[in-house]
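Residue numbers count from 1 along this sequence.
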Amino acid sequence: MNRIFPLLLSIAFLAACGPSDDASEATPADDAAVESTAEKAPEPMPAPEPPERMADEEASAAEDDRLGSILAAQPEAIRARYDQRHPRETLEFFGIEPGMTVVEALPGGGWYSRILIPYLGEEGRLVGANYALDMYPNFPFADDEFMTEMRQWPTTFPTMAEEWCETDCAEVETFWMGELPEDMEGAADAVLFVRVLHNLARFQNENVGPYLDLALADAHAVLKPGGTFGVVQHSIPDSAPDDWARGDRGYLKPSWVVSRVEDAGFELVARSDVNANPADQPGDGDIVWRLPPSLATSEEGSDERAEYEAIGESNRMTLKFRKVERDPMQD
């Protein structure tokens, strides 16, 4: 288990959450209309709610706040980023509900998985989709030891996930992007790509392999008709130079993302500013990992680091797409 944590943390680095009651004035009453208290019939007591109805209402209220309860129960390290990653608002925007089958791309150290597994519940399923195994050697940290451990990820990730939920837990499965099992086709209600697309774009742009195309094709194939494809991605303005938004700096342009996803068989149905951060204004040479939580380019205690900490986490686009059935005649 000690060797799994460095592995998962390395992957996670890439992806580098009433008025006051004033008393009313009394109105004088006509003396002739005033009834004595003794003559006034007592008000009938309301009938008590049937116990079964009260139980149903309590269960409904608890179910309505299921996500809130799960969020509140997370470790401090997870909760500390709620104001940056906005998990409740993000999952609600994508329409994620208990009982769904959800594919989470690049689950890494499990930041979202820890929330999703208990939230989806025992009738739900969480499927982790990792980058293609042969894409990892393109990263500078992927030495022989890392690759040996990564090959075990399909079994080590579900094992880790067992520690994140005790009761009423979703089933956990895995697959490599580009290798979607046939029995998973058309099975998912939603696919979530949270801080995932930049590396797929980066290496495809460098002609290393068709990683982006294969990942989007899997996202389309695994979804049910009309299923949701949710994207949260480090965002740079469309007016920025193209070489600032190739993925190697972590940022992509919204127009580029929308175009590529629509080409893969989806339609854009909604945008949200829930993960926007206008304070993140990258300039020439800036990478997204200069910001929290990575803070990879500055020394602890330096003025530069204080500046990045004040900015907060990255400016992110949040896009909701719907799967559109392909016309075989157009393929």
Between S314 and D280, do the side chains contain a donor N or O and an acceptor N or O under 3.5 Å apart? no
Across all chains, not counting sequence neighbours, the salt bridge (Lys or Arg N to Asp or Glu O under 4.0 Å) partners of R322 are E267
Looking only at the aromatic ring of each residue, does the gap between the centers of F146 and F141 stay below 6.0 angstrom? yes
Taking 4.0 angstrom as the limit, do D189 and K224 come out as a salt bridge? yes
Is the backbone N or O of S298 less than 3.5 Å from a side-chain atom of S302, with the two atoms forming a donor-acceptor pair by type? no
Is the backbone of H220 close enough, under 3.5 Å, to the side chain of K323 for a donor and an acceptor to pair up by distance? yes
Value for CD (E262) from CG (L268), rounded to nearest 0.5 Å, stands at 6.0 Å
How long is the straight-line distance from OG of S235 back to NZ of K253, given to the nearest 0.5 Å? 10.5 Å
May I ask you to decide if G230's main-chain N or O and T228's side chain share a donor-acceptor pair within less than 3.5 Å? no
CE of M317 to CG of L319: how many Å apart, nearest 0.5 Å? 6.0 Å
Please name the pair of heavy atoms, one in R66 and one in Y119, separated by the smallest distance, quoted to 0.1 Å. NE-O, 3.0 Å
Looking only at the side chains, is there a donor atom on one of T297 and R290 sitting less than 3.5 Å from an acceptor on the other? no
According to salt bridge (Lys or Arg N to Asp or Glu O under 4.0 Å), who are the partners of E162, at least two apart in sequence or on a separate chain? none
Indicate the atoms forming the closest heavy-atom contact of S255 with D238, along with that distance. OG-OD1, 2.8 Å
Check the surroundings of atom CG in D303: do more than 12 heavy atoms from other residues, nucleotides or ligands lie under 6.0 Å from it? no
From CD1 (I117) to CD (E166), nearest 0.5 Å: 13.0 Å
Identify whether the distance between the nearest side-chain nitrogen and carboxylate oxygen of R305 and E309 falls below 4.0 Å. no
Looking only at heavy atoms, what is the nearest atom pair of Q233 and L197, with distance? OE1-N, 3.1 Å
Take L192 and I96 through the side chain to side chain contact (heavy atoms under 4.5 Å, CB included) test and state the conclusion after the steps. CA-CA 10 Å; L192 303 181; I96 306 303; 4.2 Å; yes
Treating N275 as the side-chain partner and T318 as the backbone partner, does any N or O pair qualify as donor plus acceptor under 3.5 Å? no
Are the ring centres of Y211 and F203 closer than 6.0 Å? no
Interatomic distance, CG@D213 vs CG@L200, rounded to 0.5 Å, equals 10.0 Å
For a quick check under 3.5 Å, do E313 and N277 share a side-chain donor-acceptor pair by atom type? no
Let's go through L214 and M177 carefully: what are the C-alpha distance in whole Å and the side-chain angles of both, what is the deciding distance for side chain to side chain contact (heavy atoms under 4.5 Å, CB included) to 0.1 Å, and is it a yes or a no? CA-CA 7 Å; L214 292 174; M177 295 180 188; over 6 Å; no
I need the E179 CD to M184 CE distance, nearest 0.5 Å. 12.0 Å
CD of E123: more than 12 outside heavy atoms within 6.0 angstrom? no
Closest contact, heavy atoms only, L120 versus R125: CD1-O, 3.6 Å
Under the salt bridge (Lys or Arg N to Asp or Glu O under 4.0 Å) test, residues paired with D273 that sit two or more places apart: none
Taking side chain to side chain contact (heavy atoms under 4.5 Å, CB included) as the definition, give me every residue that meets it alongside Q74, ordered by chain and number, with sequence neighbours left out. I70, I78, R79, Y82, R114, I115
May I ask you to decide if the ring planes of W153 and W176 are parallel, tilted or perpendicular, using 30° and 60° as cut-offs? tilted
List in chain and number order the residues that pass side chain to side chain contact (heavy atoms under 4.5 Å, CB included) with D144, two or more places apart in sequence or in another chain; answer none if no residue qualifies. none
Partner residues of K320 under the salt bridge (Lys or Arg N to Asp or Glu O under 4.0 Å) criterion, sequence neighbours left out: none
Under 6.0 Å between the ring centres of Y251 and H198? no
Which pair of non-hydrogen atoms, one from V103 and one from A188, has the smallest distance, and what is that distance? CG2-CB, 3.9 Å
Closest heavy-atom contact between E104 and S113? OE1-OG, 2.6 Å
Does the side chain of N130 come under 3.5 Å of the side chain of Y136 through a donor N or O and an acceptor N or O? yes
Check the angle between the aromatic planes of F321 and F266 and answer parallel, tilted or perpendicular using the 30° and 60° thresholds. perpendicular
Do side-chain atoms of R249 reach the backbone of D286 as a donor and acceptor pair under 3.5 angstrom? yes
